[in-house]
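Working notes, structure below.
So you know, we letter chains A, B, ... as the sequences are listed, proteins then strands, and number each from 1.
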Amino acid sequence: MPIAARIRKPLIHLFFLLFSIASLMPFVLVFMVSITDESSILKNGYSFFPSKFNFASYQFLFNDFGQIARSYGVTILVTLIGTVISLFITALFAYPLSRKDLPLRRTMSFILFFTMLFSGGMVPWYITYVTMLGLKNSLFGMIIPNLLMSAFNVLLMRSFFANTIPESIVESGTIDGASELTIFLKLVVPLSAPIMATIALFNLLAFWNDWYNCMLFIDKPELINIQYLMTKTLNNVQFLVMKADTSSQAGELLAKMPTEGVRMALAIIGIAPLLIAYPFFQKYYISGITSGAVKG
Amino acid sequence: MTELASSDAITVTPTVAPSRMRIFRRKLKKYRALLLMMIPGLIYLIVNNYIPMYGVILAFKELNYVDGIFGSPWAGLYNFKFLFNSPDAYLITRNTVLYNGAFIIVNTSIALLVALLVNEIKDKVVTRFYQSTFLLPHIISMVVVAYLVYSFLNAESGFINRTLANWFGFDSISWYNEANYWPYILVIVNMWKSVGYLAIIYFAAIIGIDKEYYEAATIDGASKWKQMTRITLPLIAPMIIVMTLLSISTIMRSDFGLFYQVPMNSGPLMPTTNTIDTFVYRAMIVRGDIGMSTAAGVYQSVVCFFLILGANFAVRRISKDNALF
């Protein structure tokens, strides 16, 4: 065996080992800072191997759980409602498009498709939602704008329906006298579990990770979601304390607060659910991406 | 069925063929359930996408809140003139285009390298493990990315200033105040976040290549390197070109989170972090300049529109399957 061939394998693995470390390292650093003693941070800065551990940051966050719990609640509620509605209207729009005999099919496709080509821009879009629909400071402001249905997801679903649902199944349903809705719900949807799971996952991540809509449409602290709470806290730790029971307590709390560690602890609390769930859904997520790649 | 046929016989006179309109109407009736299913999505597209398109007229208005959008006087091209006469117009266009250009080159080449190397690993479990780790950055929000970057760049206690500066003996740098470092930082951050995703797309294309090519090549004694350069790359070249063209078509758009969250909206960094998207946001929310921010948005949308048409035309000629329309 020539030398080149013998060292190729270890080299490739070394490359990926480094690549994996680079992918994971920042998460580890943030986690380590969150459990580092504040005095150790002041002395040595952020470190992967802190000289002194301390869970005061987490203790602080759990003692004043009000704002975090609320924001978590908002995020979970928005994610659940959003994902379900989104999956529903995406599937309902994609399925008829996959039926070759549908009248107005080309018109509907064009209406969908044109949104990928041209947009009115952010300003008229924002004004539409705020002045016409009054979504300012409403939970719907985090659910509806931009996140509910993406043309790309519709196209992904449409090609799945068109490629994997045999026409004969729809025909057999018609012969048995089933209505279109029954055919869709009882025959098509059960056969489409992979694409349903993929799109649901895409939606779930989009709603969970959203901070943009919250930044634009929400002012009230009690409606702020976890991502935007994290944004505010990164810029200003004081924001976390704002919701403390009384304002007189806030100054005192802030004085005792391990500020650097608390920021990072909040980041860990914010991403923990995603990191824990990731091993379970990454298989579907990867297959979703690749199916999108095969036919965009 | 027989009932339907007999009613048809009554309505359709045998000598005149049913008009196209009638066939269409009958089809509408037959498929009304399917069309009704599309209504929620249709309403959503109208509200979220089409009504805002109409709002583009704001760019040609001198908006005042007393008269509202429609009552406000026309301003002609004033907002556009004002925008293009300001130094911002050049700066934000340059930043947006150059960053996207850099992202395309860096991300594509590294993602290709990763995809080609992953393909060399025959062990399925190991492959999956690597794929999962380098996709992880892709699933987190830009807010979290901002935290991760902050933990490295924070002036007082960040990892680079406190630990790396000590090891390698350089002075600590006030990262969030020094604009000239940010082109590199943002390219690295974007690469870190998106290479895994792109690599998986290219990897999927590589897996789709017929194995017989490699078997034949191995029999002919072609080395691994030869197989890579003579089989794999040429066969996925159309895919690479298509992906690149599609990226070029949106070269005027930028990831708002990357350019707003990651530099933490820091003022001194504007010269190298302001893009069209962050400019539009700031002009509207911070300065309340509806006319100019709409004009900037229209400028972006119109250029993008023609770029997408052009890219699609080019993609069609390379690979019809990958064209958008």
Side-chain angles (χ1 to χ4, degrees), chain A residues 12 15-16 19-20 23-24 26 29-30 33 41 44-47 89 92-93 95-96 99 102-103 108 111-113 115 117-125 127-128 145-146 148-149 179-181 205 209 211-212 227 230-231 234-235 260 264 267 271 274 278 282 286 289-290 293-296, chain B residues 24 27-28 31 33-34 37-38 40-41 44-45 48-49 51-53 55-56 58 117 120-121 130-137 139-141 143-144 146-148 150-151 157-159 161-163 197 200-201 204-205 256 261 264 280-281 284 290 293-294 297-298 300-301 305 308 321-322 325:
Chain A
I12 291 174
F15 174 84
F16 280 111
F19 210 95
S20 297
S23 297
L24 300 176
L29 181 61
V30 166
V33 175
I41 295 179
N44 305 319
Y46 296 173
S47 163
I89 70 171
L92 285 182
F93 201 80
Y95 172 65
R99 293 277 298 268
L102 183 84
M108 291 294 189
I111 290 173
L112 175 80
F113 188 70
T115 62
L117 293 181
F118 189 79
S119 91
M122 177 224 172
V123 183
W125 172 81
I127 291 176
T128 306
N146 266 356
L148 218 44
M149 190 173 94
S179 69
E180 290 288 0
L181 197 66
L205 279 176
N209 282 337
W211 50 272
Y212 186 70
Q227 299 290 337
M230 283 161 69
T231 307
L234 183 59
N235 293 315
E260 299 281 8
M264 299 304 159
I271 44 176
L274 214 56
Y278 184 61
Q282 46 89 7
I286 290 176
I289 292 175
T290 44
V294 172
K295 178 75 190 90
Chain B
F24 179 68
K27 257 184 117 180
L28 275 191
Y31 287 97
L34 285 175
M37 282 164 75
M38 301 181 85
Y44 184 67
L45 290 175
N48 192 66
N49 301 88
I51 294 177
M53 284 181 200
V56 160
L58 279 174
L117 290 181
E120 294 300 313
I121 300 173
Y130 288 147
Q131 274 186 324
S132 308
T133 50
F134 58 63
L135 189 63
L136 187 63
I139 64 152
I140 59 167
S141 74
V143 177
V144 175
Y147 269 90
L148 303 180
Y150 178 82
S151 70
S157 31
F159 184 71
N161 275 3
R162 288 298 286 270
T163 307
Y197 172 79
I200 284 173
I201 292 180
F256 182 84
Q261 292 281 9
M264 288 170 69
V280 170
Y281 171 78
M284 177 174 91
I290 302 284
S293 52
T294 314
V298 171
Q300 179 185 40
S301 290
F305 178 70
I308 293 173
D321 280 347
N322 283 299
F325 49 93

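- If you tally non-hydrogen atom pairs under 4.5 Å between each of B/G41, B/S301, B/G297 and chain A, the highest count goes to B/S301.
- Comparing B/G55, B/S151, B/A146, B/G158 by heavy-atom pairs within less than 4.5 Å of chain A, the highest count is held by B/S151.
- Interface summary for chain A: among B/L148, B/T133, B/N48, B/L45, the most heavy-atom pairs under 4.5 angstrom belong to B/N48.
- Contact annotation for B/S293: both backbone and side-chain heavy atoms come within less than 4.5 Å of a heavy atom of chain A.
- Contacts between B/A205 and chain A at a heavy-atom distance below 4.5 Å are absent for every atom of the residue.
- Heavy atoms of A/L29 lying under 4.5 Å from chain B belong exclusively to its side chain.
- Taking every heavy atom of both residues into account, B/M37 and A/L92 meet most closely at O-CB, 3.3 Å.
- Looking at B/I308, the atoms closer than 4.5 Å to chain A (heavy atoms on both sides) all sit in the side chain, from C-beta outward.
- Interface remark: B/M284 contributes side-chain atoms only to the contact with chain A (heavy atom separation under 4.5 Å).
- By the 4.5 Å heavy-atom criterion applied to side chains, A/Q227 and B/Q261 are not counted as neighbours.
- When ring centroids are compared, A/F15 and A/F19 come within the 6.0 Å threshold.
- If you measure heavy-atom distances from B/L135 to chain A, the contacts under 4.5 Å come from both the backbone and the side chain.
- Looking at B/Y44, the atoms closer than 4.5 Å to chain A (heavy atoms on both sides) all sit in the side chain, from C-beta outward.
- Within the 4.5 Å cutoff, no side-chain heavy atoms of A/W125 are placed close to those of A/S119.
- Ring geometry for B/F256 versus A/Y212: interplanar angle over 60°, hence perpendicular rather than tilted (30 to 60°).
- Of the two parts of A/Q282, only the side chain, counted from C-beta on, holds a non-hydrogen atom closer than 4.5 Å to a non-hydrogen atom of chain B.
- Interface check for chain B: of the options A/L148, A/I12, A/I41, A/V33, the most heavy-atom pairs under 4.5 Å are formed by A/L148.
- With chain B as partner, the option from A/I127, A/N235, A/L112, A/N146 having the largest number of non-hydrogen pairs under 4.5 angstrom is A/N146.
- Counting heavy atoms from C-beta outward, A/Y278 and B/S132 have side chains that approach closer than 4.5 Å.
- Judged purely by distance below 3.5 Å, without hydrogens or angles, the side chains of A/E260 and A/Y46 pair a donor atom with an acceptor atom.
- The closest side-chain heavy-atom distance from A/S20 to B/Y130 is below 4.5 Å.
- In terms of heavy atoms, A/L102 sits closest to A/P96 at CD2-O, 3.6 Å.
- Looking only at heavy-atom pairs under 4.5 Å with chain A, the residue among B/E120, B/Q131, B/Q300, B/M53 that has the most is B/M53.
- Of the listed residues B/V56, B/N49, B/L117, B/L28, the one with more heavy-atom pairs under 4.5 angstrom with chain A than any other is B/L117.
- For B/I121, the part sitting under 4.5 Å from any heavy atom of chain A is the side chain, from C-beta outward, and nothing else.
- The side chain to side chain contact (heavy atoms under 4.5 Å, CB included) check on A/N44 picks up A/S40, A/S51, with sequence neighbours excluded.
- Looking at A/F16, the atoms closer than 4.5 Å to chain B (heavy atoms on both sides) sit in the backbone and in the side chain alike.
- The side-chain heavy atoms of B/L136 and A/L24, taken from C-beta on, include a pair separated by under 4.5 Å.
- Heavy atoms of B/F24 lying under 4.5 Å from chain A belong exclusively to its side chain.
- Looking at A/I271, the atoms closer than 4.5 Å to chain B (heavy atoms on both sides) all sit in the side chain, from C-beta outward.
- Across A/L117, A/L181, A/V30, A/I89, the residue that shares the most heavy-atom pairs under 4.5 angstrom with chain B is A/L117.
- For the pair B/V144 and A/L274, the minimum side-chain heavy-atom distance is 4.5 Å or more.
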